[in-house]
Protein chains: 2
Amino acid sequence: MKRNSRLSSTLHILVHMADAPDRALTSEQLAGFIHTNPVVVRRTIAGLREAGIVTSSRGHGGGWQLGRAPDEISLAEISAALGETLLPFSTEPESPGCLVEQAVIAVLDDFRLEAERLLAERLSHITLADLTADFRRRYDLIGVSSHAV
Amino acid sequence: MKRNSRLSSTLHILVHMADAPDRALTSEQLAGFIHTNPVVVRRTIAGLREAGIVTSSRGHGGGWQLGRAPDEISLAEISAALGETLLPFSTEPESPGCLVEQAVIAVLDDFRLEAERLLAERLSHITLADLTADFRRRYDLIGVSSHAV
DNA sequence: TTTCATGTAACTTAGTTAGTTACGAATTGC
DNA sequence: GCAATTCGTAACTAACTAAGTTACATGAAA
């Protein structure tokens, strides 16, 4: 898994899970989809389990499944469950008492608060179902073109 | 300088420069404001010079000054000149040919394009002058309270 | 009770970025 | 011209972060 690709990697995994709703997929299988290690997968999506987005079971036939219907799972939730920050910059004071720094941080924090609210709002309108639909569309297109050729 | 604080550190520096429009500040002085090294400062704001946001001069009495009026310098420009990305996640393909990944990337890139446009638009409305005004306001407040006590 | 799978801690490796050193180039003042 | 000053930049080091890996305990099913 590459850096900063936790969100897209996780979505990749979740779409595969949505595409196989009748059976549990193992960390090993999930890891295969994104070319990484089973432990990395378990670690990455552990937060999703706590958020109820996925469920996991141990032992024979165990593995991972979606915790609810794909159209009830938004990207906002997934991103939050991963502990991802939507904005990259930090604004922690480094010169306590400096009024210039305080002004900078105040303005920047205002912006960030508003921006995060806005982005989360948008992400809450995109669901896993939208992704699987997009995948399905691409899949059918390939099928059609295969027939054509 | 801490990680991911390049934007706020740079703004801190720029407000100090705006507050001393009549003279050039050396990298050494600027570094002092954010508790870092002069070379780090030069490296960090080199992009701002190319963008015309600041100018630099060498030799005796040399240093850094704003390239134009503070109300003509927006945070959007500064952020761009620093080479900062507004959104943290990457969407580079890791499994070429995988339709699931293609769907994920397509949706995520759509979102990012729109989000970046939106954030840049908002940042373009905040100028360095806004920051200096906020600083000035805080400064005056302290002054008043000092008199009161 | 054997096998399979997750849960998690601990460690290693790779990559990024700040920090540092060093020195050349340009500019000013004497 | 020459010394002092300051930026520009390359090269290196150190610190930090996150992925990758190993190991093993826990739990569930055949």
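Below, chain A is the first sequence line, B the second, and so on; all start at residue 1. What's counted below: heavy atoms across the whole structure, side chains too, no hydrogens, waters or symmetry copies. Every value quoted in this text rests on a predicted model; they were computed, and no experiment measured them.
Atom CE of A:M1 is separated from atom C1' of C:dA14 by 15 Å (rounded to the nearest Å). Distance CD1 (B:I13) to P (C:dA18): 12 Å, rounded to an integer number of Å. Residue B:E50 contributes atom CD, which lies 12 Å from atom C1' of D:dT9 at whole-angstrom precision. In this structure, A:E94 places its CD atom 8 Å from P of C:dG19, rounding to the nearest Å. D:dA19 atom C1' lies 15 Å from atom CG of A:L82, rounded to whole Å. Atom C1' of nucleotide C:dC4 and atom CD of A:Q29 are separated by 12 Å, given to the nearest angstrom. Atom CD1 of A:I34 and atom C1' of D:dA19 are 11 Å apart (whole Å). Spacing between atom CD of B:E28 and atom P of D:dT5 amounts to 12 Å, rounded to whole angstrom units.
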Would A:T91 and A:D109 satisfy side-chain hydrogen bond (donor to acceptor under 3.5 Å, both in side chains), going step by step from the backbone distance to the final call? CA-CA 7 Å; A:T91 51; A:D109 274 347; 2.7 Å; yes
Derivation of the side chain to side chain contact (heavy atoms under 4.5 Å, CB included) call for A:I105 and A:E92: CA-CA 8 Å; A:I105 288 180; A:E92 288 183 28; over 6 Å; no
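If you check C:dT28, C:dT6, D:dC7 against the side chain of A:S27, the one that comes closest is C:dT6. Side-chain proximity of B:H60 to the nucleotides C:dT6, D:dA19, C:dT28 is greatest for C:dT28. The side chain of B:T36 lies closest to C:dG19 when the candidates are C:dG19, D:dC7, C:dA9. For B:T26, counting side-chain heavy atoms from C-beta on, the closest listed nucleotide (C:dT6, D:dT21, D:dT6) is D:dT6. Nearest nucleotide to the side chain of B:V39, out of D:dT9, C:dG7, C:dC4: D:dT9. Across C:dA18, C:dA22, C:dT28, the shortest atom-to-atom separation from the side chain of B:R42 is found for C:dA22. Each of D:dG8, C:dT6, C:dG19 was ranked by its minimum atom distance to the side chain of A:R49; first place goes to C:dT6.
Mapped onto DNA chain D by nearest heavy atom, A:N37 and B:P38 fall at different nucleotides, with B:P38 at the one closer to the 5' end. Both B:L25 and A:H35 lie close to DNA chain D; mapped to their nearest nucleotides by heavy-atom distance, the more 5′-ward contact belongs to B:L25.
A donor-acceptor contact shorter than 3.5 Å links the side chain of B:E101 to the backbone of B:S95.
Note on A:R137 versus A:D134: salt bridge recorded, some NZ/NE/NH1/NH2 to OD/OE distance being below 4.0 Å.
Checked by distance alone, A:R58 brings a side-chain donor or acceptor within 3.5 Å of a matching partner on the base of D:dT26. One N or O donor and one acceptor, one from the side chain of A:R43 and one from the base of D:dG20, sit under 3.5 Å apart.
Proximity of A:S56 to the phosphate of C:dA5: no side-chain N or O atom is located under 4.0 Å from OP1 or OP2.
Taking the ring centre of A:F135 as origin, the terminal cationic atom of A:R138 falls outside the region bounded by 6.0 Å and 45° from the ring axis.
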